[in-house]
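Since the structure comes first, as structure tokens, the remarks are kept for the end.
In what follows, chains are A, B, ... by sequence order, proteins preceding strands, each numbered from 1. Excluded from the calculations below are hydrogen atoms, water molecules and symmetry mates; all remaining heavy atoms, backbone and side chain alike, are included.
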Amino acid sequence: MATVSLQGLKKSFGKTDVIHDVEIDIADGEFIVIVGPSGCGKSTLLRMVAGLETVSAGEVRIGDRQVNDVEPMDRDIAMVFQNYALYPHMSVFDNMAYGLKIAKVPRSEIEARVAVAAKLLQLEPYLQRRPRELSGGQRQRVAMGRAIVRKPAVFLFDEPLSNLDAKLRVQMRLEIKQLQRDLGVTSLYVTHDQVEAMTLADRMIVMNGGVADQIGAPLEVYANPATAFVAGFIGSPPTNFLDASTFAPGAPQGAQLGIRPEHVVLSGDGTGHRAKVLYAEPLGAESLIYARLESGDNITIRQDGALPTPAEGETVSVAWDKDEEMQFAKDGRRI
Amino acid sequence: MAERHGMVERRGVGLWLTHLGLIVGVAFIFFPIWLAFVASTVSQPEIVSPPMPLWPGDQFVENYSKALVSGVNAPVARMLLNSAIMAFGISLGKIAISLLSAFAIVYFRFPGRRLFFWLIFLTLMLPVEVRIVPTYEVAANFGMLNSYSGLIFPLIASATATFLFRQFFMTVPDELAEAARVDGARPMQFFIDILLPMSRTNIAALFVILFIYGWNQYLWPLLITTDPEMNTIVMGIKQMFPSGDDIADWPVIMATSILAMIPPVVVVIGMQKLFIRGLVDSEK
Ligand SMILES: Nc1ncnc2c1ncn2[C@@H]1O[C@H](COP(=O)(O)OP(=O)(O)OP(=O)(O)O)[C@@H](O)[C@H]1O
Ligand SMILES: [Mg+2]
């Protein structure tokens, strides 16, 4: 168990800068999720912590040790890969035991540790099988088991659930969370799925083009996005962006106004902004209404499923509380 | 119902025709081998007096023991041993060297990596026959004439095998090498514990091909061995042919030919399962 600290971390491949100055102190036992769109540098950041990628500038500290030039195996980390990376010719047992064998852990201890992990992950019946004889979820568990038996100070996950179907993903997500709580191991978890990020994270790092746009607890990030990118990326359906000069007079030149769909209401009394309904999606518990304002901006409204939904083409008036407005400057930063 | 019956019938006839075609083909290819076998079981006078016998005679034991023990120039047992050493040496050596060089080319970044790859690739264009004179010169200067090292080493580098293993290694996901690295495996541990077992069907397939290649070497052993004790069997058969007016001992020559065919057949049959798997699927 250990703290992890990234200081002014940078990475460039040749001339392309991929990671710009990431800075975070991770507490012992904390679950950190790195989230962002494809190509924003999440994997690269994680791999720098793992030692699979060199650090161009800044430093990585695990515990009280600077590990920039330390081999992965000496960093006291374990990693779960997106495609599991199980050794295809080895049994489940050998897959889990391989790292321990190399570390010359005594046979009896290896067996004990694998047995504990197998029990925890419900893999006991499969210990003698090859990876190809397992289902996706079971393979995923083996990959987790391989990480657990090493008793590392830090777990690193790179989109471990992205190859599973939706239902299994939800189940494994809960299992990972439970496991991490029980073991209390500091974890870094990469995903592009915001639901995974919201549900798993103690704190999350929202990455945008190699920059950590915001670091914070999920609800805090949701309620208080630091940039327009974060406001648009976290939350589904995404935040509405409107031209600030129309809706918030006095805002600086080029600014945008962000308003979350659940904060927009249809005002029955005709006050507010007039909009034409494009289409409506009743989802049961809630309904999503897509409309076009007279200014030409599109707006999404999310309302309780019990409320009446307007018909397509109908003209409605929409309103929101001024307190819920978020203003973003031209460069995307929150004002 | 009738229609279905007709279809079954047609299929039945087609099946018979297919089999007939195959049997004729096999018989056609097998006939010379049969003749050789027959010739190896009869006596010299029976062969030279027409018509040629088509059914085995009673000289099997005599001819084969004569071939194995004394042969014409050298005992065939000795030549079989030489061939076996050469074929094993070449095939195992080629596999070991090409596995290692493919490993280096795929997994290590070193200066001149591309250059080396292309150099290896270039040698594909230089088969033994093309470089035989300079190779002979080098082997002779090293004092490797009439020795197993002379038979094996000049043929041991294989661009083809290196290339094949390179292609295979490139299909192995990078994540696997990274997982091994996180698990603490040194490069050679990764090679031995993970890459080698994963390549085993490829290795088996290649072994069969290379064993036959080594076994069938003709020109090179002919050049480098002058001592009959070092002859390999494939060239040895040729050496048994009489020069000038001597009489050919056909039964013994035929017995030798049959003996020369057996080891490759044994290797192919023995490795069949692995061999076919290696050619058909790339187990990942
Ligand atoms: N070895 C490399 N050489 C050059 N550029 C690279 C290399 N690896 C990654 N990149 C670039 O770095 C950027 C970040 O890559 P990275 O794999 O970290 O993205 P990611 O956030 O994990 O994306 P995804 O969600 O698709 O996995 C990408 O633009 C990618 O093209
Ligand atoms: Mg990635």
For this session: Using the six-membered ring wherever Trp is involved, compare the ring planes of B/Phe117 and B/Phe121 and label them parallel, tilted or perpendicular (cut-offs 30° and 60°).
Result: parallel
Problem set entry | Salt-bridge contact A/Arg203-A/Glu30 (side-chain N to carboxylate O under 4.0 Å) | yes
Exercise. Below 6.0 angstrom between ring centroids: does that apply to A/Phe81 and A/Phe157?
Worked result: no
For this session: Answer yes or no: are there more than 12 heavy-atom neighbours, outside B/Tyr148 itself, under 6.0 Å from its atom OH?
Result: yes
Exercise. Using non-hydrogen atoms only, which part of A/Arg47 is less than 4.5 Å away from chain B: side chain, backbone, both, or neither?
Worked result: side chain
Exercise. So what's closer than 4.5 Å to chain B heavy atoms on A/Leu86: side chain, backbone, both or neither?
Worked result: backbone
Problem set entry | Exam field: side chain A/Thr186 to backbone A/Gly29, donor-acceptor pair closer than 3.5 Å | yes
Exercise. If contact means a heavy atom pair closer than 4.5 Å, which residues of residues 51-72 of chain A contact chain B?
Worked result: A/Gly51, A/Leu52, A/Glu71, A/Pro72
Exercise. Is it the case that more than 12 heavy atoms not belonging to A/Asp74 sit under 6.0 Å from its CG atom?
Worked result: yes
For this session: Report yes or no: is the cationic atom of A/Arg141 (NZ for Lys, CZ for Arg) under 6.0 Å from the centre of the six-membered ring of A/Tyr84, at an angle within 45° of the ring normal?
Result: no
For this session: Quick one: which of A/Arg75, A/Lys101, A/Gln82 has the most heavy-atom pairs under 4.5 Å with chain B, could you say?
Result: A/Gln82
For this session: Using atom types as modelled and distance alone, determine if a side-chain donor or acceptor of A/Gln178 lies under 3.5 Å from a backbone N or O of A/Glu175.
Result: no
Exercise. With under 30° as parallel and over 60° as perpendicular, where do the rings of B/Phe211 and B/Phe88 fit, or are they tilted in between?
Worked result: perpendicular
Problem set entry | Segment of B/Asp193 engaging chain A (4.5 angstrom heavy-atom cut-off) | both
Exercise. Is it the side chain or the backbone of B/Ala177 that comes within 4.5 Å of chain A heavy atoms, both, or neither?
Worked result: neither
Exercise. Using non-hydrogen atoms only, which part of A/Ala78 is less than 4.5 Å away from chain B: side chain, backbone, both, or neither?
Worked result: backbone
Exercise. Does the pair B/Phe165 and B/Ile203 meet the rule for a side chain to side chain contact (heavy atoms under 4.5 Å, CB included), with working shown?
Worked result: CA-CA 9 Å; B/Phe165 282 125; B/Ile203 292 175; 3.8 Å; yes
Exercise. Is a side-chain donor or acceptor of A/Lys42 paired with a backbone partner of A/Gly36 at a separation under 3.5 angstrom?
Worked result: yes
Exercise. Parallel, tilted or perpendicular: which fits the ring planes of B/Phe191 and B/Phe103, with parallel below 30° and perpendicular above 60°?
Worked result: tilted
Exercise. If you check every heavy atom in residues 158-165 of chain A against those of chain B, which residues fall under 4.5 Å?
Worked result: none
